2 protein chains.
Amino acid sequence: MSAAFPAEPQMSATAEEEAYRHVQRALRLGRYKPGDRLIPEEIAAEIGMSRMPVREAFRRLASDGLVVLRPNRGCVVAGLTVDELYEIFEIRSVLEGLAVRLAMPRTDEEEFEDLERLLERMERAGQSGSSDWVVRHQEFHGRICALSRRPKLIHQISALHVVIEPYMRIWFDDCDKPHSAREEHAAVIAALRSGDELHAEKVMQDHILSTAPMLAEFVSPSR
Amino acid sequence: MSAAFPAEPQMSATAEEEAYRHVQRALRLGRYKPGDRLIPEEIAAEIGMSRMPVREAFRRLASDGLVVLRPNRGCVVAGLTVDELYEIFEIRSVLEGLAVRLAMPRTDEEEFEDLERLLERMERAGQSGSSDWVVRHQEFHGRICALSRRPKLIHQISALHVVIEPYMRIWFDDCDKPHSAREEHAAVIAALRSGDELHAEKVMQDHILSTAPMLAEFVSPSR
DNA sequence: AAAAGTATTTTTGTATCCACGTATTATCAA
DNA sequence: TTGATAATACGTGGATACAAAAATACTTTT
């Protein structure tokens, strides 16, 4: 459904799980802005539960880097500085580089065509101006990661995508460069097709690092 | 003090923080074995607090991959399969590879000597049979990571070291190969000295990947 | 002995209460 | 008017008691 990365099995809803998903979704969609305070009672009331599971969810969200939890000062939405954004893209580059490298032996012609279909859907979403583009884009990267068959790797990359999703959304809204993106992603598929693992790794790394500066333009250098 | 990685500022002790550190430390030292159940009330009694902060700490520990939290079935200590161990070393290899690459421009002769002193202390600890060796080893890797000046990268690598620490300990206890390790780490310093970023990255990757199979021998193929 | 139903224990979540730290506002002096 | 200080309101962190749901253990019956 909403998750581009199929990392979490997402069955059986404990209250804490529900709170975690609820707030994470709101954060991904940019409903809360960096610096906003999250009051446990308010959120608990929104979903109809008590404060405790919400506070437990806060711990996980803090662990994910989505919020900051300061003693006696509550829970505030985390914002990324330009430096932090670059850092995340550096980490993504090596992690997703590893993912393609590991994905290659497991990838056949059928998969290539699947990826190309995903790319088309991504471009269509981009042309229609739908912010679905961000979800499709995540789906593309998520698909390749999934091919690596490395659960922990997939999980880590997924977590990073969640953190940058709000910034991807404002980036997409303010500027539409979906077709330059299209070329880059097509290059990734081509590299995968080439059968050269190290080359594919390099292409993925370059692709990810090249998008960082564009995204950084839309993040204010303050805070 | 105990943390080889200087990631967490570790001031101001909220109850949850205390519980988190307490259990994490116990897990790192291998006081609990994989599969052991952690009962919130027992741990709460140990440190003299109520169950609530302990449960919150569990969420973070689960997020770190140290415990598994299954709905209605409580908290059990996570164990690593051989596959998972290999996966963590794959991730470490690219992450710490990135770290050395980024560390290089910031590293001067003084640092090289610091690292060599660390290496000596590591070897001395290894020869005396002290399991301090594991801590020193973490310190060595942690120092290089710190030189990268990337907080999130340092944090992620640190988290992985915490997960594998219990296995490093049993590995060290059962077999003493501290001097083959010495050579490898000296090679890392030499690569750093060379000034060739990509070469240093590769050396670090190879070093980490080479230790995985040795460690894996000491992990029983069952969970 | 196997199956079904019952009881007990454990986990999970709720509700309520209090102490303490933080932030805001109000008051007062320069 | 401005700046410093005191009073106050608020939210967080934590404790405790309680209720409900699920899992496990234990009967009892056939």
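Just so we're on the same page: letters track the sequence lines, and every chain starts at 1. Just so we're clear, the structure is a prediction, and the values are computed from it rather than from any experiment.
- With sequence neighbours left out, the side chain to side chain donor-acceptor pair (under 3.5 Å) criterion links A/Glu111 to A/Arg143.
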Show every donor-acceptor pair shorter than 3.5 Å between a side-chain atom in residues 61-80 of chain B and any protein atom, with sequence neighbours excluded, or say none if there are none.
{"residue": "B/Ser63", "atom": "OG", "partner": "A/Ser63", "partner atom": "OG", "Å": "3.3"}
{"residue": "B/Asp64", "atom": "OD2", "partner": "B/Tyr20", "partner atom": "OH", "Å": "2.4"}

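- A search for side chain to side chain donor-acceptor pair (under 3.5 Å) contacts involving A/Glu41 returns nothing, not counting sequence neighbours.
- Side-chain atoms of A/His207 and A/His141 form a donor-acceptor pair, as typed in the model, at a separation below 3.5 Å.
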Kindly list each side-chain donor-acceptor pair under 3.5 angstrom involving residues 47-55 of chain B, sequence neighbours excluded, with atom names and distances?
{"residue": "B/Arg55", "atom": "NE", "partner": "A/Glu56", "partner atom": "OE2", "Å": "3.4"}
{"residue": "B/Arg55", "atom": "NH2", "partner": "A/Glu56", "partner atom": "OE1", "Å": "3.4"}
{"residue": "B/Arg55", "atom": "NH2", "partner": "A/Glu56", "partner atom": "OE2", "Å": "3.2"}

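- Checked against ring pair (Phe, Tyr, Trp, His ring centres under 6.0 Å), B/Tyr86 has no partners two or more places apart in sequence or in another chain.
- Annotation: side chain to side chain donor-acceptor pair (under 3.5 Å) contacts of A/Asp206 (sequence neighbours excluded): A/Lys202.
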Show the distances under 3.5 angstrom between N or O atoms of the protein and N or O atoms of nucleotides 22-24 of chain C.
none

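- Heavy-atom distances under 4.0 Å link DNA chain D to no residue of residues 62-69 of chain A.
- Of the two residues contacting DNA chain C, namely B/Ile39 and B/Met52, the nearest-nucleotide position lying further toward the 5' end is that of B/Ile39.
- Following rounding to the nearest Å, B/Arg70 (CZ) and C/dT10 (P) show an atom-to-atom distance of 18 Å.
- Residues passing the side chain to side chain donor-acceptor pair (under 3.5 Å) test with B/Gln156, sequence neighbours excluded: none.
- DNA chain D is contacted by A/Pro40, A/Arg51 of residues 40-51 of chain A, taking any non-hydrogen atom closer than 4.0 Å.
- The salt bridge (charged side-chain N to carboxylate O under 4.0 Å, His left out) search around B/Glu201 returns B/Arg101, not counting sequence neighbours.
- Going from atom CG of B/Leu38 over to atom C1' of C/dT10 covers 15 Å, rounded to whole Å.
- Take B/Ala99 and apply the side-chain contact (heavy atoms from CB on, under 4.5 Å) test, not counting sequence neighbours, and it matches B/Cys145, B/Ser148, B/Leu153, B/Ile157.
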